[in-house]
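Every chain is numbered from 1 and lettered A, B, ... according to where its sequence line falls, protein lines coming before strand lines. The analysis underlying the following values was restricted to heavy atoms, covering all of them including side chains, and did not include hydrogens, waters or symmetry mates.
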Amino acid sequence: MGKTLFDKIWEKHIVRQIDGGPSVFYIDKHFIHEVTSPQAFTGLNKRGIKVFRPRQVVATADHNVPTLNQHLPIREELSRLQVETLKKNCAEHGIELYGLGHPFQGIVHVIGPELGITQPGMTIVCGDSHTSTHGAFGAIAFGIGTSEVEMVLATQCLLQSKPKLMRINVEGPLNKGVLSKDIVLYILAKISASGATGYAVEFAGSAIRGLSMEARMTICNMSIEMGARCGMIAPDDTTFNYIKGRLFAPKGEDWDKKLAAWRQLTSDPDAVFDKEIHINAADIEPMITYGTNPGMGMGITARIPSLDEVADQEKMSFEKSLGYMGLQPGSALKGQKVDYVFIGSCTNSRIEDLRMVASFIKGKQKAKDVEVWIVPGSKQVEKQAREEGIDKIFEEAGFMLRQPGCSACLGMNEDKIPAGKYCISTSNRNFEGRQGPNARTFLASPLTAAVAAITGKVTDIREWL
Amino acid sequence: MSKAINIVTSTVVSLNSENVDTDQIIPARFLKATSRDGFGKNLFRDWRYENDNEQQPKKDFILNNPAYKGRILVAGKNFGCGSSREHAAWAIKDYGFDVVVSSFFADIFKNNSLNNFLLPVVVSDAFLKRIFDVVNTDPSATLTVNLEAQTITIDSTREQENFDINHYKKTCLLNGYDDIDYLLNMKSEIEAFENNRL
Ligand code: SF4
């Protein structure tokens, strides 16, 4: 029987198989950030041990940094302490830190790929659930908790049980106005926010093959929203062309050797998955979420389910969710007023996203009563946007281009959506209070967010293309 | 204090919601601490208080109902989904729970719980419904979770179910061992593995 892409990488990283238990699983790259690492370092210090392989660890400050005036000291004391603690820990343990002010700083899942650190065949972890993003390169990449961060710092290993394997095939050409964000929101609406729990998911099919690396990352990024342990896409020429020449990409002879190995990283034709799902790309419209988990999404022209369309045991959660959102069962979202537009997060803040938004809004003005925040994923994205003149286009449209960080994706810094306000957001979570206490989130693609910025309402992008 | 868990008999706090995500368990704005302690007071913060104000508890939220307390938290399916923040497990443990029961846990949350000696017990949908029914009519009803035997029992009705846990993790919990101790003990094997791959 053939092997899956997941199997091939998994097998190469098993240090020991514990009888009746998990495997000791070797980690190639470990990203850390200020919020989920301090307690792990405290743990190491208590045990009196040093980081085992500091050169396999890369740190950045992203979750809790301001996105304005990053050159000034952080005003909020606790946030400042977190960022300073990271600095101190990295210095003590010899870990490379791309902190505030560094030209490589940015959201951890944006900088890894952009610097060429993320490569096919690797195992990658980070104390952040969206580590699944890196799977777009044909890596096994997943989020871990702080105790596990400590384990990896101490031993470069984790105890892991092998997940079941699922393949989601998306075939055919994409409709007009449909982006990879719409593909993943569509899958989520179909299989629900727990539809892939316990599985590693491989995304395949012609629609996926046709996507750029940025677009593939958006899909793998949100695989965690289906509950998946990780999401992955087999590497191909699109992947290799993206990596080639980046700062930490292999060079010269090393490149040729690695490339030959990477080309083996596909699921064999006779590989068997525990579950397969087939999706016809033609069925996918621009999507939007109406509820408080990412599985509560629909086509932009659809109606929210009415109460009798919802299964009995889900009625309570459904009503609570719509109550929070201030929406009626059975109603449409198109035309719904929005107050904020957030274009950012590790899902959609890469240069391709910014370019796409800029080319759509060029010469247009934002609606008066909407506030628009564009938060680039990294310093490098920000710099490139400025070099390409994209910042001017945003400025002329009345959009605010801020500095890199997680920002309103999780509302940990000052960038919070006020209570009761509606925000159309390119991020990945619409949970209650995610963007600020009582903030209401609609998840959508960068284009759907951009058109809402212009009209001030939930709008079908297809009418504008 | 030993961290080990074996038999827990307790009244329960029942949270009849599905897809309870870690942003609800502990909102992001409380993740600024650099230690592991004290998260319990912000557990379910925004479901517990009006306007983020401890003087204004929301009466209909279960943690504010004095009839419900105990060391066992019971919740609807897909508990702990979302962010990987281990702070969620810390907050639940710090509040005083030793066991969480649901018909389905998100992967990362389950690992985080096990790493903090908070036992996640997976029961069938039907058994979960029975627990909710019994506890809703009688808040003083108790459950007994026996890790050694891998059973969970509704004490008043003697209804019982077995639950799964992998053998290795069970041993850790019963004895109060950490994964990290295990891994640190095999450093030379890890080094050998690294050398072999070069
Ligand atoms: S942008 Fe949002 S989802 Fe991504 S790493 Fe930051 S907080 Fe997590």
Worksheet item: What part of Lys77(B) is in contact with chain A, defined as an atom under 4.5 angstrom from a non-hydrogen atom: side chain, backbone, both or neither?
Response: side chain

Worksheet entry | Heavy-atom proximity to chain A below 4.5 Å, by part of Ile108(B) | side chain

Discussion item. Is Glu189(B) close to chain A through its backbone or its side chain, or both, or neither, when contacts mean heavy atoms under 4.5 Å?
Written reply: both

Practice prompt. Let me know if Asn16(B) has heavy atoms under 4.5 Å from chain A in its side chain, its backbone, both or neither.
Written response: both

Worksheet entry | Residue part contacting chain B, namely of Thr146(A), when any heavy atom lies under 4.5 Å | both

Worksheet item: Where does Phe105(B) contact chain A at under 4.5 Å (heavy atoms): side chain, backbone, both or neither?
Response: backbone

Practice prompt. Examine whether an atom of Asn115(B) lies under 4.5 Å from a heavy atom of chain A, and if so say whether it belongs to the side chain, the backbone or both; otherwise answer neither.
Written response: both

Worksheet entry | Residue among Leu159(A), Asp128(A), Thr36(A), Leu78(A) with most heavy-atom pairs under 4.5 Å to chain B | Leu159(A)

Worksheet entry | Under 4.5 Å from any heavy atom of chain B - which part of His13(A) | both

Item to complete: Against chain B, label Arg53(A) side chain, backbone, both or neither, depending on which of its atoms sit under 4.5 Å from a heavy atom there.
Response: side chain

Discussion item. Please classify the contact of Asp179(B) with chain A as side chain, backbone, both or neither, using a heavy-atom distance under 4.5 Å.
Written reply: both

Worksheet item: Checking Asn116(B) against chain A: side chain, backbone, both or neither under 4.5 Å from a heavy atom?
Response: side chain

Worksheet item: Using 4.0 Å as the upper bound for N to carboxylate O, is an ion pair formed by Glu414(A) and Arg29(B)?
Response: no

Discussion item. Given heavy-atom pairs under 4.5 angstrom as the criterion, report whether the side chain, backbone, both or neither of Glu76(A) touches chain B.
Written reply: side chain

Practice prompt. Please determine, by modelled atom types, if Trp90(B) and Gln39(A) share a side-chain donor-acceptor pair under 3.5 angstrom.
Written response: no

Discussion item. Between Leu410(A) and chain B, with a heavy-atom cut-off of 4.5 Å, which part of the residue counts as in contact: side chain, backbone, both or neither?
Written reply: both

Worksheet, complete the sentence: Applying a strict 4.5 Å limit to non-hydrogen atoms, the region of Phe30(B) in contact with chain A is neither

Discussion item. Please classify the contact of Ser35(B) with chain A as side chain, backbone, both or neither, using a heavy-atom distance under 4.5 Å.
Written reply: backbone

Worksheet item: Tell me, side chain or backbone of Ser321(A) under 4.5 Å from chain B's heavy atoms, or both, or neither?
Response: neither

Response to the item:
Whatever's closer than 4.5 Å to a heavy atom in chain B on Val24(A) counts as side chain

Worksheet entry | Side-chain heavy-atom pair Glu18(B), Met316(A) within 4.5 angstrom cut-off | no

Discussion item. Which atoms of Phe142(A) are under 4.5 Å from chain B, going by heavy atoms: the side chain, the backbone, both sets, or neither?
Written reply: neither

